[in-house]
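Order of the sequence lines sets the chain letters (A, B, ...), proteins ahead of strands, with each chain counted from 1.
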2 protein chains.
Amino acid sequence: MNIGQASDASGVSAKMIRYYEEIGLIRPMGRTGNNYRVYGEEEVHVLRFIRRARSLGFSLEETETLLKLWQDQSRESAAVKDVATAHIADLERRIAEMQGMVKTLKHLAHCCGGDQRPNCPILDDLAGDAPAPAPRKTKQPA
Amino acid sequence: MNIGQASDASGVSAKMIRYYEEIGLIRPMGRTGNNYRVYGEEEVHVLRFIRRARSLGFSLEETETLLKLWQDQSRESAAVKDVATAHIADLERRIAEMQGMVKTLKHLAHCCGGDQRPNCPILDDLAGDAPAPAPRKTKQPA
DNA sequence: TCTTGACCTTCCCATGATGGGAAGGTCCAC
DNA sequence: GTGGACCTTCCCATCATGGGAAGGTCAAGA
């Protein structure tokens, strides 16, 4: 199986497969005489594993840890759960951060007329107590 | 006011102030004879505006748009609201995506013993129906 | 006056994960 | 034997930010 077929079979782009090899996430593959990488079913399984981990938001570093745990028959499931739990906490922290933004923005947008008049509480919030600056371009047109 | 003082006053790092100037988000500042940038109160207000916009998750591109609207006395508040509304939608999309990950991960973590035994539904999920690969290193130790 | 340390300047590099594309080699089907 | 679809490596871009080097400047204190 060439890299294109492994890509189709795993859903990981050929570009990424080469990158994962470069950073040591997957082993360097064997080559045929023409210097093409050769893949088998097992490599495709590994790539699918990586894709699934990425789709759940795990970083490549976390994915590498999970991959090693998967390949370690004597792993303790606690180690896997720790990685997942930490990731959940990180996701929840980021979600809360964004929800805070949304809450503020929705309030401001609600208070904004959204019409042809210039008065705008959104800009007022961003400006703080600063006076509107003198009209000028921040970027000169070419 | 030198860049360090403008940084302290605005909460934007000197590094970022120079970068914002480089990409045209803020005007190139005047220089003193020793080639130091000079800032006034108005520039600090602009930097605070940028910082506030960034803290609400607006991209630098969106921030530039908002900055121009702020400086345009004849703006229509609808234009500002449009930017905010689109950003809210983007945040909500990303939040929903992450919430989906959290939901899946919490379910898997809940089902995982998290003990010293190797059996792990989290890895089972990541692996799909693939057999556990033969134990091997993905990265050779030095 | 000289030194020291805290500034400032520009320039280059790194992040994380991915894509785009060029230049060149290979293989297969017609 | 030729064209097109592959493959290879290499470089660059993203987005916003930080780190750090090498060198210039300034102010305060001995």
Residues in side-chain contact (heavy atoms from CB on, under 4.5 Å) with [X], at least two apart?
{"X": "B:T32", "value": "B:N34, B:Y36, B:V38"}
{"X": "B:A79", "value": "B:L69"}
{"X": "A:R52", "value": "A:S55, A:L56, B:T104, B:D125, B:L126"}
{"X": "B:P118", "value": "A:R75"}

| message | What is the first contacted nucleotide of DNA chain C and what is the last, in 5' to 3' order, if contact means an atom lying under 4.0 angstrom from a heavy atom of chain A? | response |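 The contacted stretch runs from C:dA17 to C:dC27.
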Can you check the [X] [atom1] to [N] [atom2] distance for me, whole Å?
{"X": "A:K15", "N": "D:dC12", "atom1": "NZ", "atom2": "C1'", "result": "10 Å"}
{"X": "B:I26", "N": "D:dA16", "atom1": "CD1", "atom2": "C1'", "result": "15 Å"}
{"X": "A:Y19", "N": "D:dC12", "atom1": "OH", "atom2": "P", "result": "17 Å"}
{"X": "B:R37", "N": "D:dG24", "atom1": "CZ", "atom2": "P", "result": "18 Å"}

| Listed in order of residue number, which residues of residues 86-93 of chain A have a non-hydrogen atom at under 4.0 Å from DNA chain C? |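 Of all residues in residues 86-93 of chain A, none places a heavy atom under 4.0 Å from DNA chain C.
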| request: Using a cut-off of strictly less than 4.0 Å between a heavy atom of the residue and any atom of DNA chain C, enumerate the qualifying residues of residues 50-61 of chain A by number. | output: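 Under 4.0 Å from DNA chain C: A:R54, A:S59, A:L60.
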| task | From the options B:V44, B:I17, B:I3, select the one residue that forms a side chain to side chain contact (heavy atoms under 4.5 Å, CB included) with B:V12. | result | B:I17
Just wondering, do [Y] and [X] contact through their side chains at under 4.5 Å, heavy atoms?
{"X": "A:V80", "Y": "A:W70", "result": "no"}
{"X": "B:R94", "Y": "B:L91", "result": "yes"}
{"X": "B:R27", "Y": "B:E43", "result": "yes"}
{"X": "A:T65", "Y": "A:F58", "result": "no"}
{"X": "A:L60", "Y": "A:R54", "result": "yes"}

Nucleotides 25-29 of chain D: which of its N/O atoms have a protein N/O under 3.5 Å away?
from	atom 1	to	atom 2	distance (Å)
D:dT25	O4'	B:Y36	OH	3.4
D:dC26	OP1	B:N34	ND2	3.2

| What pairs meet the side-chain hydrogen bond (donor to acceptor under 3.5 Å, both in side chains) rule with one or both residues in residues 5-21 of chain A, with sequence neighbours excluded? | A:E21-A:R37
| message | Considering only residues two or more places apart or on different chains, which pairs with a residue in residues 77-88 of chain B satisfy side-chain hydrogen bond (donor to acceptor under 3.5 Å, both in side chains)? | response |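 Qualifying pairs, neighbours excluded: A:D115-B:S77.
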| request: Please round to the nearest 0.5 Å and tell me the distance separating atom CG of A:D90 and atom OG of A:S59. | output: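 The distance works out to 9.0 Å.
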| Between the two ends of the helix from C:dT1-D:dA30 to C:dC30-D:dG1, what is the bend in degrees, rounded to 10 degrees, where each end axis spans five pairs? | 30°
| Pairs where residues 89-125 of chain B contributes a residue and the test ring pair (Phe, Tyr, Trp, His ring centres under 6.0 Å) is met, not counting sequence neighbours | none
| Worked verdict on A:K106 versus B:E92 for salt bridge (Lys or Arg N to Asp or Glu O under 4.0 Å) | CA-CA 11 Å; A:K106 279 197 168 174; B:E92 289 188 323; 2.8 Å; yes
